[in-house]
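To start, the structure under review is shown below, and the notes come after it.
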There are 2 protein chains.
Amino acid sequence: MARGAAQQTAHHTHNHKACIEDALTTARDLCAERGVQLTPLREKVLQIVWKSHKPVGAYDVLDELARSHKSARPPTVYRALDFLMAEGFIHKIESLNAYLGCVEAGAPHSGLFLICRKCGATEEIADPKLEAALDQASKRAGFQAERRVVEISGICAQCAA
Amino acid sequence: MARGAAQQTAHHTHNHKACIEDALTTARDLCAERGVQLTPLREKVLQIVWKSHKPVGAYDVLDELARSHKSARPPTVYRALDFLMAEGFIHKIESLNAYLGCVEAGAPHSGLFLICRKCGATEEIADPKLEAALDQASKRAGFQAERRVVEISGICAQCAA
DNA sequence: TGGCCAATGCTACACTATAACAAAGTTCCC
DNA sequence: GGGAACTTTGTTATAGTGTAGCATTGGCCA
């Protein structure tokens with residue numbers, strides 16, 4: 001699963017380095033606030049997940065991590081991913097068994113994802129109205145919703161053009 | 001993963017045998033219409049998936065299938081599951097890596113699922129308004145939606161009571 | 001009767017994820 | 001500063017999910 005350096009963005013070329021820096025800074029700040037540790041290992045994993053706007057598999061993270069961290073093993077990666085998810089810094093894309101940096105880090109939340117099956121770029125969109133509609137639908141069925149998984153696959157605007 | 005005979009329904013006790021029979025009859029009719037083969041193997045797998053209203057893992061299907069079909073292997077099961085999904089008779093629940101009988105077999109479609117994390121019962125609900133809202137949201141992002149995964153986990157009405 | 005196609009058999013393997021226990025590092029209190 | 005409690009990481013092994021690739025069978029029909 002080679003994920004090249006080019007074509008990393010969801011919509012157009014942009015300064016992706018700034019994306020990564022934003023994500024890392026936000027994570028550092030939030031961890032400080034919360035009194036939890038963004039250890040070098042965890043930070044490195046977060047950086048790897050943020051290398052592109054495409055969901056990345058745990059074993060791809062492991063391969064990349066192992067270059068700087070020879071002792072890395074599957075549990076190393078999964079523990080870091082679990083931490084990052086618990087803090088709301090990344091999401092798991094269930095339909096791909098892969099992980100994606102969260103653009104709205106802060107409150108842990110369920111996102112809504114648009115996944116391009118051609119280029120792999122995945123966009124997280126926030127749509128309060130839609131979220132409310134989902135909660136409505138649950139409530140109507142007498143169901144206490146706790147977690148939402150909403151993943152839409154198809155062709156992104158760039159690939160369609 | 002013991003899935004008992006009791007407590008099989010999403011909402012209340014009901015004649016689950018009728019559920020299964022309905023599903024099998026519908027599948028037989030549709031396959032005849034479409035000129036595809038609902039072989040004994042595929043029918044058996046469909047029946048196993050329909051044993052309850054809880055999503056069932058592929059390897060649980062395999063265990064059950066092997067009782068009557070000694071040569072069954074993972075590919076046996078996955079091929080049958082793929083066929084049944086392609087024909088719209090079952091759904092895959094991505095967040096559980098498990099499969100569930102479709103209550104609205106016929107047109108292949110993406111469902112919306114309410115998954116109880118306590119009893120496992122999973123209800124498929126149809127909500128055209130919500131589906132339209134999801135399509136709207138995609139379109140607004142210039143995205144051509146092809147497949148939807150919508151899975152809501154929480155506590156069902158029965159378990160809450 | 002031979003060629004084609006769909007379905008199944010079968011072996012092996014790839015990919016995803018966790019259990020369980022050991023070791024090292026951190027915090028905080030006295 | 002010593003040490004208990006806790007968090008994080010190391011390490012080995014294994015469980016769980018899914019597919020590749022080729023062989024075999026059986027029906028259809030030209």
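The sequence lines fix the lettering, A, B, ..., with proteins before strands; numbering per chain opens at 1. Atoms considered below: every heavy atom in the structure, side chains included; atoms not considered: hydrogens, waters and symmetry mates.
The ring pair (Phe, Tyr, Trp, His ring centres under 6.0 Å) pairs that include a residue from residues 57-89 of chain B number zero, where partners must be two or more places apart or lie in different chains.
For the contact set between residues 71-79 of chain A and DNA chain D, defined by any heavy atom under 4.0 Å, the members are Ser71(A), Arg73(A), Pro75(A), Thr76(A), Arg79(A).
For Arg79(A), the side chain to side chain contact (heavy atoms under 4.5 Å, CB included) test picks out Pro75(A), with sequence neighbours left out. Partners of Arg117(B) by salt bridge (charged side-chain N to carboxylate O under 4.0 Å, His left out), not counting sequence neighbours, listed by chain and number: Glu146(A). Applying the side chain to side chain contact (heavy atoms under 4.5 Å, CB included) test to Lys139(A) and every residue at least two apart in sequence or in another chain returns nothing. Evaluation of the ring-ring contact (aromatic ring centres under 6.0 Å, His included) rule for Phe113(B) yields His91(B) as partners, not counting sequence neighbours.
Atom NZ of Lys70(A) and atom C1' of dT11(D) are 15 Å apart (whole Å). Taking atom CD1 on Ile93(B) and atom P on dT17(D), their separation rounds to 14 Å, with Å as the unit. Between Leu41(A) atom CG and dT8(D) atom C1' the separation is 9 Å, expressed in whole Å. The nearest whole Å value for the distance from the CD atom in Glu94(B) to the P atom in dA17(C) is 12 Å. Rounded to an integer number of Å, the gap from Leu96(B) CG to dG16(D) P is 15 Å. One atom, CG of Leu38(A), and another, P of dT8(D), lie 11 Å apart when rounded to the nearest Å. Protein atom CG of Asp63(B) is 10 Å distant from nucleotide atom P of dG16(D), rounded to whole Å. Atom-to-atom, CE of Met85(A) to C1' of dT16(C) comes out at 12 Å; the value is rounded to the nearest Å.
Nearest to the side chain of Thr39(A), among dT9(D), dT8(C), dG18(D), sits dT9(D).
Contact annotation: Gln37(B) reaches the phosphate of dA7(C) (side-chain N/O to OP1 or OP2, under 4.0 Å). Considering only side-chain N and O atoms, Asn97(B) lies nowhere under 4.0 angstrom from the phosphate OP1 or OP2 of dG16(D). Within the structure, every side-chain polar atom (N or O) of Tyr99(A) is placed at least 4.0 Å from both OP1 and OP2 of dT16(C). Here His69(A) reaches the OP1 or OP2 of dG10(D): one of its side-chain N or O atoms lies under 4.0 Å away. The phosphate of dA17(C) has OP1 or OP2 within less than 4.0 Å of a side-chain N or O from Lys92(A).
A salt bridge is defined here as a Lys NZ or Arg NE, NH1 or NH2 lying under 4.0 Å from an Asp or Glu carboxylate O, and Lys51(A) with Glu64(A) meets this definition. The residues Arg148(B) and Glu151(A) are annotated as not salt-bridged, no charged nitrogen and carboxylate oxygen being separated by less than 4.0 angstrom.
A donor-acceptor contact under 3.5 angstrom links the side-chain atoms of Tyr59(A) to the base of dA17(C).
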